[in-house]
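The block underneath contains the structure these notes are about, expressed in structure tokens.
Along the sequence shown, residues are numbered consecutively beginning with 1.
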Amino acid sequence: MTATPASRRPHRPDWAGRNYTLLTAAAVATGLGGNGALIASAFAVLDAGGDSGDVGLVAASRTLPLVLFLLIGGAISDRVPRHHVMVAANALSCVSQAAFAVLVLTGDPHLWQMMVLTALGGTGQAFFGPAAEGMLMSTVSGEQAGRAFAVFRMAMQGASLGGAALGGALVAAVGPGWVLAVDAAAFAIAGALRSFLDVSHIPPRAPGGGMLADLRDGWREFIGRSWLWSIVVAFSIANAVVGAADAVYGPLVARDSLGGAGPWGLALAAFGAGTVAGALLMTRWKPRRLLLAGMLGIFPLALPSAALAVPVPIGVLFAVMFVAGTTVEIFGVSWMTALHQEIPENKLSRISAYDWFGSIALMPLAAAAAGPTESAFGRTAALWGCAALVTVVTGAVLCVPEVRNLRRRGGVSDVKGTLGSVGGAVDDAGRAVEGLG
């Protein structure tokens, strides 16, 4: 048999090395499981006799540990091997979701049990996020980073799309317990893949002045940039109300008016499809005013809440979710490009921790308040309020001159350059709105 010439042998691109392949495969696994689990947890509460307030409390139980531990997780991830943090966080999430699945499948789960187990998963995510961010950034660099990041993000968004659609269908077909079990298995697979990451290329970290000193240094960098803190403050509000609409009101509207978990899963999948389309668009379109283009893309994020308030037919809801996902991705790419361009690389992880912290700080309060707000004003009024708040805070941020005027530096023809080293966009939580800001 004649040997195949070396030039004709199939091979992976230079940037798709072993670590990158492992990270991408693990992110796809957790993306598929996690997006279905978000739907399953809401319907598990409803199937157990809970109401909108109970759904909100369970959603808040996941987000509260993120708020409490995210900054600590960021600091620790800069001091110990990141892949160890990632594997430990995946193990915690696996155990908590497996226990949640067992409770749902074998009996009548109590609200406090679901809240505790959900909180454990949120704790794992608080430590996982900053570690994963740094790990991906160290895996690719230079001119290769943009292409590698684009493919990684496409894979994750595709997994989100498939996970939401499959999760909704499975909840309707076999119940939420089995979907939670699938998510636990996905975390186990992801943790196993991440345990094989090679960190020999990462130089030993020089000792610093301590965790508090690192956090203070990051805070000074954060608060000294008006474009940075103003957008994060705006997303504290926008993420909170959109998260409440998706986690609490969406499943209730789906149950009462749209046909249940299956159609709602497809609606979330339409949002995921929109993010894929937005990512494709941003590989071609390179807006000169990064943040102006990005924030204009946030106005349509108000549309899903408005559509649920009506409520519109399911086909119209799919279209609205697709548009919102597309424009949100325009912001996501523009935002990460701005961070990469403006923030010193040695401070990017700490800035990212403050970014995440600010973006999710109000989510537990909003989720917990969703039920009482519905009782006080009605579900329709609450959803219109969500849409109005997104519109108002987005308009307010556009009044900040630095947001309108921050421009892309250098040549705009090199997509790889403008998107390079933006691995901080890792959103392995599998939730579209959690990492917007």
So does Ala254 get a backbone contact from the side chain of Ser257, meaning a donor-acceptor N/O pair under 3.5 Å?
no
Output for pair (Leu301 CG, Phe271 CZ), nearest 0.5 Å, gives 6.0 Å
Using side chain to side chain contact (heavy atoms under 4.5 Å, CB included), reason through Asp256 and Arg379 one step at a time and then give a plain yes or no.
CA-CA 12 Å; Asp256 296 342; Arg379 189 185 304 163; 3.0 Å; yes
Could you tell me whether the side chain of Arg404 and the main chain of Leu398 form a donor-acceptor pair under 3.5 Å?
yes
Working to the nearest 0.5 Å, report the span between CG of Asn19 and CG of Leu197.
5.0 Å
Under the side chain to side chain contact (heavy atoms under 4.5 Å, CB included) criterion, do Val241 and Val390 qualify, and how do the steps go?
CA-CA 8 Å; Val241 298; Val390 172; 3.7 Å; yes
Over all atoms of both residues, closest heavy-atom pair of Ala234 and Val393
O-CG2, 3.9 Å
Sub-3.5 Å donor-acceptor pair from the side chain of Ser305 to the main-chain atoms of Ala302, do we have one?
no
So, for Val397 and Ser230, which heavy atoms are closest and what is the spacing to 0.1 Å?
CG2-O, 3.6 Å
Please tell me if the side chains of Arg194 and Thr30 come closer than 4.5 Å, counting only heavy atoms from C-beta onward.
yes
Euclidean distance, Leu281 CG relative to Thr326 OG1, rounded to 0.5 Å:
8.0 Å
Heavy-atom distance under 4.5 Å between the side chains of Ile330 and Trp285, does that happen here?
yes
Look at the rings of Trp227 and Trp335 and say which category their plane angle falls in: under 30° parallel, 30 to 60° tilted, over 60° perpendicular.
perpendicular
Approximate separation, where rounding is to 0.5 Å, of Leu57 CG and Asp54 CG
6.0 Å
So do Ile314 and Leu317 actually touch side chain to side chain, heavy atoms under 4.5 Å?
yes
Please lay out, stage by stage, how Arg289 and Leu296 fare under the test side chain to side chain contact (heavy atoms under 4.5 Å, CB included).
CA-CA 11 Å; Arg289 296 191 183 189; Leu296 288 174; over 6 Å; no
Can you find a heavy atom in the side chain of Val95 that is under 4.5 Å from one in the side chain of Leu120?
no
Is there side-chain contact between Leu308 and Trp264, with at least one heavy-atom pair below 4.5 Å?
yes
Answer with yes or no after comparing the ring centroid distance for Phe357 and Phe222 against a 6.0 Å cut-off, counting only values under it.
no
Taken to the nearest 0.5 Å, the spacing of Leu71 CG from Leu66 CG works out to 11.0 Å
Does the side chain of Leu383 come within less than 4.5 Å of Val253's, by heavy atoms?
yes
Give me the atom names and distance for the closest heavy-atom approach of Ala186 to Gly33.
CB-CA, 4.3 Å
Quick one: CG on Leu38 to CG on Leu180, what's the gap to the nearest 0.5 Å?
10.0 Å
Report yes if some heavy atom in the side chain of Val312 is under 4.5 Å from a heavy atom in the side chain of Val320; otherwise report no.
no
Thr380 and Tyr249: side chain to side chain contact (heavy atoms under 4.5 Å, CB included), yes or no, with the steps?
CA-CA 9 Å; Thr380 298; Tyr249 300 137; over 6 Å; no
Where do Ala245 and Cys386 come nearest, in terms of heavy atoms and distance?
CB-SG, 4.4 Å
Report yes or no: does Tyr354 contribute a side-chain atom to a donor-acceptor pair with the main-chain N or O of Ile223 at less than 3.5 Å?
no
With a 4.5 Å cut-off on side-chain heavy atoms, are Thr327 and Phe299 touching?
no
Minimal heavy-atom distance between Pro263 and Phe318, with the atoms involved, is O-CE2, 3.6 Å
When you measure from the side chain of Thr118 to the backbone of Met115, do you find a donor-acceptor pair of N or O atoms at a distance under 3.5 Å?
no
In short, Val400 meets Ser226 closest at the heavy-atom pair CG1-OG, 4.1 Å
